[in-house]
Protein chains: 2
Amino acid sequence: MEDLLSTVDIKVNEKLFLKNPTSSELGMRIVNFGISMIQEVGFENFTFKKLAARIETTEASIYRYFECKHSFLLYLINWYWGMIEYRLLIETANIDDPIRKLYKSLHVITSVPNPENELVFQRELSLKSLVINESAKIYRTKAVDKENEDGAYSVYKSIVARIVELIVAINPNYPYPAMLISTIIESSNHQRFFKDHLPKLTNTVSNKDAFEHFALDLINKTLEINGKR
Amino acid sequence: MEDLLSTVDIKVNEKLFLKNPTSSELGMRIVNFGISMIQEVGFENFTFKKLAARIETTEASIYRYFECKHSFLLYLINWYWGMIEYRLLIETANIDDPIRKLYKSLHVITSVPNPENELVFQRELSLKSLVINESAKIYRTKAVDKENEDGAYSVYKSIVARIVELIVAINPNYPYPAMLISTIIESSNHQRFFKDHLPKLTNTVSNKDAFEHFALDLINKTLEINGKR
DNA sequence: CAATTAAGATAGTATTACTATCGTTTTAGT
DNA sequence: ACTAAAACGATAGTAATACTATCTTAATTG
């Protein structure tokens with residue numbers, strides 16, 4: 001894969017920002033340093049004031065880009081899923097067999113990218129651990145219905161819908177395709193979190209990505225896919 | 001099942017409170033009204049000050065029981081899992097077949113209890129939706145390791161370990177028992193959340209608990225359990 | 001009946017999550 | 001080159017949050 005990635009502009013739902021951070025250098029600094037600061041201190045200890053000090057701007061300036069810190073997190077996670085959807089599109093474009101397409105899709109969605117093996121967005125790498133650690137916090141609030149109306153979860157839903165189509169093509173009788181795929185996506189995040197913090201809640205296999213094997217086995221057996229490809 | 005439940009005292013890790021709320025009437029009011037208030041306004045909008053006003057006490061008095069609102073949530077969720085572990089113990093005690101034991105355990109752990117069919121703790125009922133909506137928030141990235149050391153997740157881990165044993169008895173070759181069961185538990189919560197707020201991420205089946213069927217199918221196929229019991 | 005404990009009353013603090021205003025600099029269009 | 005608009009910095013302010021501290025009174029226990 002060539003480096004078309006760096007020139008591609010990931011579109012994020014316009015309701016998630018007041019002023020597009022990609023439109024200015026300050027905006028980009030807010031996003032880039034915001035990502036690393038959230039990773040350093042955790043989302044609950046992250047404030048716009050601290051970020052402003054770090055990038056030598058003011059709190060007020062950051063508020064010109066984002067309404068509140070929660071929509072900043074939503075924005076980042078949407079950017080992440082936007083990149084994943086884009087990769088999904090290009091990396092499965094030339095695959096016809098739905099089973100191989102599903103395997104590849106699962107890999108794109110759930111794997112922790114290894115920059116030595118595959119070319120990925122630089123930002124995807126830095127966002128991955130943020131998604132693992134913080135994404136469970138975005139949904140479960142009283143604001144979820146309003147945010148959903150505003151399209152805050154539409155990329156995520158569209159990715160799930162895309163994989164659901166593949167599952168239906170592979171096994172039209174399986175009754176829970178959306179449940180299966182959203183379970184795997186969510187599980188990918190929390191199992192990776194467990195691995196680092198609550199290892200008794202997960203399993204590891206030496207030198208392998210245990211989660212990917214687990215997920216593949218799960219998919220093969222639940223959808224009754226037999227044989228290797 | 002008789003009403004031994006109301007007389008049973010669920011033990012919660014002592015590091016999660018400063019003064020045991022079960023030891024006084026005020027403590028019980030804090031817990032009972034705290035549960036309903038968190039459900040009404042959501043955990044982020046819940047404050048000890050509001051709770052104090054509701055139960056006609058003072059903020060300072062609540063702080064004599066709980067160090068902070070986060071440990072209050074941890075306490076409640078631990079109480080929930082304590083009840084589940086207790087139910088697990090008594091409801092599977094007289095079952096010998098590990099497969100039937102596993103099925104029963106899964107039901108206890110993941111089902112939404114129906115008070116018309118089964119006798120459950122009153123508090124379990126009121127805590128269930130709190131666990132569904134808020135439990136993803138307890139894993140605060142930066143504090144999780146310290147809390148884990150203090151035993152804040154030990155009941156949860158012990159429940160997972162208990163089911164892992166059953167899985168090993170059923171299919172000793174399955175390599176990911178802990179992953180499978182913790183995935184199902186976490187999925188139970190977020191799928192029920194999706195059902196209410198992001199229905200495109202889940203599937204429903206009329207008049208049935210779709211999640212339980214999904215989980216049962218998953219378990220049967222991944223562990224290669226064939227035949228009905 | 002004294003001593004301890006529990007709880008109410010009140011005050012105070014640092015921080016958070018913003019909003020508002022105003023002046024200066026930069027950029028864009030003509 | 002000039003003007004208008006937009007962007008940004010600087011500063012101030014606010015209500016609410018998440019606590020801590022202290023003091024007094026009421027209830028319980030030995």
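Order of the sequence lines fixes the chain letters, A, B, ..., with proteins taken first and strands second; residue numbering starts at 1 for each chain.
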Novice: For the pair made of NZ in Lys49(B) and P in dA11(C), what is the distance, rounded to whole Å?
Specialist: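 That distance rounds to 12 Å.
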
Novice: Which part of the nucleic acid does Phe48(A) contact within heavy-atom distance under 4.0 Å: base, sugar-phosphate only, or nothing?
Specialist: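 The answer is nothing, as Phe48(A) stays clear of every strand by at least 4.0 Å.
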
Novice: Checking the side chain of Thr202(A) only, and the main-chain atoms of Phe194(A) only, is there a donor and an acceptor separated by less than 3.5 Å?
Specialist: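 No, the answer is negative, given that no donor and acceptor are paired below the 3.5 Å cut-off.
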
Novice: Return a single string for nucleotides 22-30 of chain D, one symbol per nucleotide in 5' to 3' order, where B is base contact, S is sugar-phosphate-only contact and - is none, cutoff 4.0 angstrom on heavy atoms.
Specialist: B--------

Novice: Is the positively charged end of Lys69(B) above the ring of Phe46(B), judged by distance under 6.0 angstrom from the centroid and angle within 45° of the axis?
Specialist: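 Output no; distance or angle outside limits.
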
Novice: State, yes or no, whether a side-chain contact exists between Val155(B) and Val12(B) at a heavy-atom distance under 4.5 Å.
Specialist: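 The answer is no; the side chains never approach within 4.5 Å.
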
Novice: Between Arg29(B) and Glu25(B), is there a side-chain N and carboxylate O pair less than 4.0 Å apart?
Specialist: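 Salt bridge present between Arg29(B) and Glu25(B).
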
Novice: Please enumerate all residues that pass salt bridge (charged side-chain N to carboxylate O under 4.0 Å, His left out) together with Arg192(A), with sequence neighbours excluded.
Specialist: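 Salt bridge (charged side-chain N to carboxylate O under 4.0 Å, His left out) check on Arg192(A) returns Asp209(A).
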
Novice: Can you measure Leu51(B) atom CG to dT17(D) atom P for me and round it to whole angstrom units?
Specialist: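 One finds 13 Å between P of dT17(D) and CG of Leu51(B), rounded.
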
Novice: Using five pairs at either end of the helix from dC1(C)-dG30(D) to dT30(C)-dA1(D), determine the angle between the two local helix axes and round it to 10 degrees.
Specialist: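 For the helix from dC1(C)-dG30(D) to dT30(C)-dA1(D), the axes at either end differ by 30°.
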
Novice: With sequence neighbours excluded, tell me which residues meet salt bridge (charged side-chain N to carboxylate O under 4.0 Å, His left out) with Glu59(A).
Specialist: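 Per chain and number, Glu59(A) pairs via salt bridge (charged side-chain N to carboxylate O under 4.0 Å, His left out) with no residue.
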
Novice: Hey, can you pull the residues of residues 16-24 of chain A with a non-hydrogen atom under 4.0 angstrom from DNA chain D?
Specialist: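 Close to the strand are Lys19(A), Ser24(A).
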
Novice: Can you list the residues that meet the salt bridge (charged side-chain N to carboxylate O under 4.0 Å, His left out) rule with Lys137(B), with sequence neighbours excluded?
Specialist: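 Here the qualifying residues are Glu44(B), Glu134(B).
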
Novice: For dA7(C), take OP1 and OP2 only and decide whether either is under 4.0 Å from a side-chain N or O of Thr57(B).
Specialist: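 The answer is no; no side-chain N or O of Thr57(B) sits under 4.0 Å from OP1 or OP2.
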
Novice: Could you tell me how far apart Tyr63(A) (OH) and dG9(D) (P) are, to the nearest whole angstrom?
Specialist: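 Value for this atom pair: 16 Å.
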
Novice: Does Lys11(B) have any side chain to side chain contact (heavy atoms under 4.5 Å, CB included) partners at least two apart in sequence or in another chain, and if so, which?
Specialist: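 For Lys11(B) there are no side chain to side chain contact (heavy atoms under 4.5 Å, CB included) partners, ignoring immediate neighbours.
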
Novice: Can you tell me how far C1' of dC8(D) sits from CD1 of Ile55(A), to the nearest Å?
Specialist: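 Rounded to the whole Å, the gap is 12 Å.
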
Novice: Can you tell me how far P of dA16(D) sits from CZ of Phe46(B), to the nearest Å?
Specialist: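 Spelled out: CZ on Phe46(B) to P on dA16(D) is 18 Å.
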
Novice: Any idea how Tyr176(A) and Phe214(B) line up, ring-wise: parallel (<30°), tilted (30 to 60°), or perpendicular (>60°)?
Specialist: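 The rings of Tyr176(A) and Phe214(B) stand perpendicular, inter-plane angle above 60°.
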
Novice: Please identify each residue that fulfils salt bridge (charged side-chain N to carboxylate O under 4.0 Å, His left out) with Asp145(B), with sequence neighbours left out.
Specialist: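 By the salt bridge (charged side-chain N to carboxylate O under 4.0 Å, His left out) rule, Asp145(B) matches no residue at all.
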
Novice: Could you state the atom-to-atom distance from CD of Glu59(A) to C1' of dA12(D) in whole Å?
Specialist: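 Taking atom C1' of dA12(D) as the reference, CD of Glu59(A) is at 12 Å.
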
Novice: With sequence neighbours left out, what residues match Asn189(B) under side chain to side chain contact (heavy atoms under 4.5 Å, CB included)?
Specialist: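 Only Arg140(A), Val131(B), Ile132(B), Ser135(B) meet the side chain to side chain contact (heavy atoms under 4.5 Å, CB included) criterion with Asn189(B).
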
Novice: Not counting sequence neighbours, which residues clear side chain to side chain contact (heavy atoms under 4.5 Å, CB included) with Ser126(A)? List them please.
Specialist: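 Result, side chain to side chain contact (heavy atoms under 4.5 Å, CB included) vs Ser126(A): Ile35(A), Arg123(A).
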
Novice: Strictly below 4.0 Å, heavy-atom distances to any atom of DNA chain C: list the hits from residues 65-76 of chain A, or just say none.
Specialist: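 Listed by number, they are Glu67(A), Cys68(A), Lys69(A).
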
Novice: What pair of heavy atoms forms the shortest contact from Ile62(A) to Phe48(A), and how long is it?
Specialist: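 For Ile62(A) and Phe48(A), the tightest heavy-atom pair comes out as CD1-O, 3.4 Å.
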
Novice: With sequence neighbours left out, write down each residue that passes side chain to side chain contact (heavy atoms under 4.5 Å, CB included) with Thr47(B), or none if nothing qualifies.
Specialist: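 If we apply the side chain to side chain contact (heavy atoms under 4.5 Å, CB included) test to Thr47(B), skipping adjacent residues, the hits are Lys49(B), Lys50(B).
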
Novice: Please pick, from dG9(D), dA9(C), dT19(C), the nucleotide with the shortest atom-to-atom distance to any side-chain atom of Thr58(B).
Specialist: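 Nearest listed nucleotide: dA9(C).
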
